[in-house]
Participant: 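Below you will find the structure I want to go over with you.
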Amino acid sequence: MPNVVITGTQWGDEGKGKIVDSLTSSADVIVRFQGGANAGHTLVVNGRRFVLHLIPSGVCHAGKVCVVGGGVVIDPLELVTEIDQVKGFGYLVNDAELIVSEQAHVILPYHKTIDAARERGLGGKKIGTTGRGIGPCYEDKVARRGIRMCDLVDPDALRARLEDVLPEKNLYLERVLGEKPVDLDAIVEQVREPAQRIKPYVANASRYLAEARRQGKSILFEGAQGSLLDVDHGTYPFVTSSNTVAGNACVGSGIGPTAIDEVIGICKAYTTRVGAGPFPTELEDSVGEALRSRGDEFGATTGRARRCGWFDAVVARHAMRTNGLTGLIITKLDVLSGLDPLKICVGYRIDGNDHVDTVPPTRLLERAEPVYETVPGWTESLSGLNRLDQLPGAARHYLDRLAELVGTEIVMLSLGPKREELIEIRNPFRR
Ligand code: IMP
């Protein structure tokens, strides 16, 4: 049975949550492999809206197993809140439906303190992080001073690890950031109850996935954030602290690359970004405002207004290459109804060079002016459509042009937030 990675092709918020929720019916296991509670997947199920930050959105389907992989950074308090919320909605009835990797690193309160203090210190040059402690936790992981889930659920191991790491952490908090030091006993006490609540879910996720594959189960790997926020391939340093591209589905969940059959990129029909950093097609005018209000472009995690702009084919092509996409899913096409004409960025003009067709280093991208192609828009609402041939001609043309510029086929279209507002052209799970 095919295993499919879903990845964001822009700066996150492409509408992955809804797509994963929809594709889950074709998969058996759904895996998060990177990021943490900086992600926010908004779901509307049976008219009820809720946001998931850590648990894969597939949890809203009974009988599926959701895995939080070793590459994810987990805030235990957030995870417990989310488990309670999901159970409150009538999902996750069976504890075996959630597996949390024992290797995943734990976000502790001091990670959030450091995240916030650093952002304050950066003043006008801040990254605009979500404040969830993501960067400081990944730093500790790589520096080999992190706390993992296997430590969290074992009180002796937790205490021993904290004894090792806190002296340096406190020096940093006090001397460099001017913050209060943290107390070992207070941390142990703070996480004691959440750790016990999470313990039944903690397991060897890599082993579970290998066994699932052996049994012929289909796995859906759910990427968070987007390719341009990837710590290696994004608009560094205005990025998140993990690899968001499809390759990390393997590392972050403990499977080999040979297990992946398809990589599907989720792409909004226009572009948005939250936080700081270059965004060549950003529109700070009434069109940008129209996209924001029609598209309800406000962050699911922080509530911040998203910056909005025209579709950027250079960005999407970058995602095509860095992920090895086998197909695209275009979301929020309905938001463009009534905007005429539409513009598509086909390249950049940088320092007099009109032919830049790849994403350059950030300092150059900051100076990039978009080179636009103008195409006709459409006025019809797309509400209620469920076949490609029902779309207005201009919408078909717009989609054909996006596929051509990005260099891969469109396999699905999302025309609104509800589960049923979706046109399926090819289901990657049915090969
Ligand atoms: P961090 O991941 O909280 O460290 O934030 C780093 C950058 O990534 C900031 O610009 C955030 O706004 C952005 N970011 C992190 N997670 C998401 C997401 O899920 N969607 C969109 N942007 C995100």
Side-chain angles (χ1 to χ4, degrees), residues 6-20 32-43 51-57 68 71-75 78 82 105 107 110-122 124-142 222-245 248 252 265-268 270-279 282 292 295-309 315 319 331-332 362 365-366:
I6 294 294
T7 181
T9 60
Q10 296 156 318
W11 279 282
D13 307 320
E14 295 92 353
K16 295 181 290 295
K18 172 187 158 173
I19 302 299
V20 170
R32 264 288 299 272
F33 55 88
Q34 47 73 225
N38 48 350
H41 287 173
T42 307
L43 297 169
V51 183
L52 291 171
H53 298 285
L54 275 169
I55 302 179
S57 14
V68 182
V72 177
V73 286
I74 301 175
D75 178 341
E78 172 69 37
E82 219 160 279
H105 279 250
I107 296 188
Y110 54 79
H111 292 123
K112 290 193 234 175
T113 307
I114 294 171
D115 196 355
R118 287 217 189 111
E119 284 284 275
R120 274 197 306 275
L122 283 170
K125 290 189 170 170
K126 66 180 181 192
I127 307 288
T129 71
T130 58
R132 302 293 178 111
I134 306 295
C137 183
Y138 276 119
E139 278 171 45
D140 279 355
K141 168 177 173 170
V142 178
E222 169 182 352
Q225 289 87 45
S227 303
L228 275 289
L229 288 173
D230 183 284
V231 68
D232 285 296
H233 304 290
T235 46
Y236 192 91
F238 301 100
V239 291
T240 189
S241 298
S242 63
N243 286 109
T244 59
V245 294
N248 198 24
I266 314 296
C267 201
K268 212 178 265 189
Y270 49 96
T271 313
T272 63
R273 169 164 209 172
V274 276
F279 177 2
E282 181 170 15
R292 183 159 36 250
D296 194 19
E297 297 294 356
F298 296 89
T301 299
T302 59
R304 289 181 289 180
R306 295 178 185 143
R307 300 156 65 194
C308 298
V315 158
T331 60
K332 293 194 151 184
T362 302
L365 190 65
E366 276 163 351

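Order of appearance sets the numbers: ligands from 1, and atoms from 1 within every ligand.
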Participant: Side chains of Asp140 and His111: donor-acceptor distance under 3.5 Å anywhere?
Facilitator: yes

Participant: When you compare the side chains of Thr9 and Glu14, does any donor N or O come within less than 3.5 Å of an acceptor on the partner?
Facilitator: no

Participant: For Thr302 and Arg304, test the side chains for any donor-to-acceptor distance below 3.5 angstrom and give the result as yes or no.
Facilitator: yes

Participant: Strictly by modelled atom types, are Asn38 and Gln225 linked by a side-chain donor-acceptor pair under 3.5 Å?
Facilitator: yes

Participant: Do you see a donor-acceptor pair shorter than 3.5 Å between the side chains of Thr129 and Asp115?
Facilitator: yes

Participant: Scan Lys268, Arg292, Arg307 and name whichever one has a salt bridge (Lys or Arg N to Asp or Glu O under 4.0 Å) with Glu297.
Facilitator: Lys268

Participant: Between ligand 1 and the protein, which N/O pairs fall short of 3.5 Å?
Facilitator:
from	atom 1	to	atom 2	distance (Å)
ligand 1	2 (O)	Asn38	ND2	2.9
ligand 1	2 (O)	Thr240	OG1	2.6
ligand 1	3 (O)	Thr130	N	2.8
ligand 1	3 (O)	Thr130	OG1	2.6
ligand 1	10 (O)	Val274	O	3.4
ligand 1	12 (O)	Gly128	O	3.3
ligand 1	12 (O)	Val274	O	3.3
ligand 1	12 (O)	Arg304	NH2	3.0
ligand 1	16 (N)	Gln225	NE2	3.3
ligand 1	19 (O)	Asn38	O	3.4
ligand 1	20 (N)	Asp13	OD1	3.1

